[in-house]
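Note that these values count all heavy atoms, side chains included, but never hydrogens, waters or copies made by symmetry.
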Amino acid sequence: MATRRALHFVFKVGNRFQTVHFFRDVLGMKVLRHEEFEEGCKAACNGPYDGKWSKTMVGFGPEDDHFVAELTYNYGIGDYKLGNDFMGITLASSHAVSNARKLEWPLSEVEEEVFEIEAPGGYKFYLHNRTPPQSDPVLKVTLAVSDLQKSLNYWSNLLGMKVYEQDEEKERALLGYADNQCKLELQGIKGSIDHAAAFGRIAFSCPQKEKILTPLVSLDTPGKATVQVVILADPDGHEICFVGDEAFRELSKMDPEGNKFLDDAMAADKSDEWFSKRNKPKASG
């Protein structure tokens with residue numbers, strides 16, 4: 001299944017300004033593209049919300065060969081309750097560690113030269129204090145599962161991922177579609193998986209020639225390519241998006257104006273001011 005690609009993880013963000021500061025200035029990612037939408041996504045990319053929202057793609061390089069983050073911001077939603085489903089993203093970047101120290105962003109060393117850091121909203125990242133690999137600094141996404149064997153059967157046997165590592169004692173497994181791609185780590189936990197309101201989504205691409213049995217959803221982005229997606233859920237309800245590779249490569253081309261579009265949108269966003277004048281908090285997701 002080397003023709004399939006790991007693409008991105010979707011985060012819902014309540015404070016867009018602080019979140020962008022974290023990804024740009026602390027982690028050192030680039031804004032690859034920014035898009036504004038007047039109504040909710042047909043595939044619920046922004047969650048179960050119908051109003052105005054934005055999507056910002058950030059990463060260490062082009063989406064063609066880097067795993068990136070999708071930051072979805074719903075105007076009027078100030079925060080999202082975290083569950084226990086998302087356990088973190090691990091990346092290799094001594095530059096990110098240095099940035100965090102300079103900006104006095106809290107770091108906690110969890111093992112030698114590996115630091116835990118929190119993005120706004122409580123999302124955890126793990127930074128290896130070393131030179132990043134030439135392919136992509138993003139090493140893995142870790143999701144919690146309630147039954148490792150059942151999840152392995154789904155991700156490996158049904159979705160065709162290769163099992164790179166498996167540790168039954170620690171109840172973890174590492175999977176992926178190719179050696180040089182970001183991996184998916186499944187970590188077993190006790191009890192059920194709670195996605196709460198902040199639940200994310202992991203996305204992969206697949207060639208259009210692959211046979212898909214469920215109905216496809218066409219997603220339009222003004223002025224850009226239309227892509228077709230199918231949304232799945234694993235045994236614990238983790239959302240998975242498969243998107244047609246050919247159209248997505250066209251849609252995901254890096255936009256040199258992405259930074260400007262994002263900064264302009266943040267400057268024009270008066271939602272905090274609107275709520276403040278009325279002594280009202282923004283809604284919680």
Discussion item. Test side chain to side chain contact (heavy atoms under 4.5 Å, CB included) on Met57 and Asp255; report intermediate values, then the result.
Written reply: CA-CA 10 Å; Met57 309 303 292; Asp255 184 351; over 6 Å; no
Worksheet entry | Test log, rule side-chain hydrogen bond (donor to acceptor under 3.5 Å, both in side chains), inputs Asp236 and Tyr154 | CA-CA 10 Å; Asp236 286 299; Tyr154 181 88; over 6 Å; no
Practice prompt. Applying side chain to side chain contact (heavy atoms under 4.5 Å, CB included), run through Leu262 and Arg16 and close with a yes or a no.
Written response: CA-CA 10 Å; Leu262 172 59; Arg16 183 167 56 176; 4.3 Å; yes
Discussion item. Using side chain to side chain contact (heavy atoms under 4.5 Å, CB included), reason through Phe9 and Val138 one step at a time and then give a plain yes or no.
Written reply: CA-CA 11 Å; Phe9 192 84; Val138 182; over 6 Å; no
Practice prompt. Step by step, work out the salt bridge (Lys or Arg N to Asp or Glu O under 4.0 Å) result for Arg33 and Glu35.
Written response: CA-CA 7 Å; Arg33 53 190 172 99; Glu35 295 146 8; 2.8 Å; yes
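At distances below 3.5 Å, not a single donor-acceptor pair connects side-chain atoms of Glu185 with backbone N or O atoms of Ile89. Proximity of a side-chain donor or acceptor of Trp53 to a complementary backbone N or O of Glu39 within less than 3.5 Å is detected. No donor-acceptor distance shorter than 3.5 angstrom exists from the side chain of Lys280 to the backbone of Lys277, with no hydrogens or angles considered. With Gln181 contributing its side chain and Arg4 its backbone, the two residues share a donor-acceptor pair below 3.5 Å. At least one donor-acceptor pair under 3.5 Å links the side chain of Ser151 to the backbone N or O of Asp147. Listed for the Asn84 side chain is a donor-acceptor partner under 3.5 Å among the backbone atoms of Asp194. Put simply, the side chain of Arg201 never gets that close to the backbone of Ile231: no donor and acceptor are under 3.5 Å apart.
Side-chain contact between His21 and Leu103: present, with at least one pair of heavy atoms (C-beta onward) separated by less than 4.5 Å. Using a 4.5 Å heavy-atom threshold, the side chains of Cys182 and Val141 count as touching. Residues His238 and Ile193 are in side-chain contact: their nearest non-hydrogen atoms beyond the backbone lie under 4.5 Å apart. Here the side chains of Asn74 and Tyr80 are in contact, with some heavy-atom distance below 4.5 Å. Within the 4.5 Å cutoff, the side chain of Ile240 has heavy atoms near those of the Leu159 side chain. Proximity of His8 to Ser252: side-chain heavy atoms (C-beta onward) are nowhere separated by under 4.5 Å. Side-chain contact between Arg172 and Glu165 is present, with heavy atoms from C-beta onward closer than 4.5 Å. Contact annotation: the side chain of Lys52 approaches that of Tyr75 to within less than 4.5 Å [non-hydrogen atoms, C-beta and beyond].
Here the straight-line distance linking atom NE2 of His195 with atom NZ of Lys81 works out to 13.5 Å at 0.5 Å rounding. Rounding to the nearest 0.5 angstrom, the gap separating the CG atom in Asp64 from the CE atom in Met254 is 12.0 Å. Atom CZ in Phe86 sits 7.5 Å away from atom CG in Leu143 (nearest 0.5 Å). Rounding to the nearest 0.5 Å places CZ of Phe60 at 5.0 Å from CG of Leu91. Atom CG in Asp25 sits 8.0 Å away from atom CG in Asn99 (nearest 0.5 Å). From Leu7, atom CG reaches atom CD of Glu70 across 10.0 Å, with rounding to the nearest 0.5 Å.
Hydrophobic clustering places Ile117 together with Val13 (ILVMFWY residues linked when any side-chain heavy atoms are closer than 4.5 Å, directly or through intermediates). Cluster membership check: Leu152 shares its hydrophobic cluster with Trp155, using side-chain heavy-atom separations under 4.5 Å among Ile, Leu, Val, Met, Phe, Trp and Tyr. In terms of hydrophobic clustering, with Ile, Leu, Val, Met, Phe, Trp and Tyr side chains grouped at heavy-atom distances under 4.5 Å, Tyr73 and Leu32 are assigned to different clusters. Following chains of ILVMFWY side-chain contacts shorter than 4.5 Å, one cannot reach Leu186 starting from Ile189, and the two form parts of different hydrophobic clusters. The cluster map of Ile, Leu, Val, Met, Phe, Trp and Tyr, joined by side-chain heavy atoms under 4.5 Å apart, puts Met161 and Ile202 in the same cluster.
Taking the six-membered ring for Trp and thresholds of 30 and 60 degrees, Trp105 and Phe22 have ring planes inclined between 30 and 60 degrees apart.
Within a 6.0 Å sphere centred on NZ of Lys282, other residues, nucleotides and ligands contribute more than 12 heavy atoms. Heavy-atom neighbours of Phe17 CZ from other residues, nucleotides or ligands within 6.0 Å: at or below the threshold of 12.
Looking at Arg249 and Glu246, no side-chain N of the basic residue comes within less than 4.0 Å of a carboxylate O on the acidic one, giving no salt bridge.
Note that Arg101 lies in the cation-pi zone of Phe115, set by a 6.0 Å cut-off to the ring centre and a 45° limit from the axis.
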Got a list of side-chain donor-acceptor pairs under 3.5 Å for residues 123-135, not counting sequence neighbours?
{"from": "Tyr123", "atom 1": "OH", "to": "Lys12", "atom 2": "O", "distance (Å)": "2.7"}
{"from": "Tyr126", "atom 1": "OH", "to": "Glu116", "atom 2": "OE1", "distance (Å)": "3.0"}
{"from": "Asn129", "atom 1": "ND2", "to": "Glu113", "atom 2": "OE1", "distance (Å)": "2.6"}

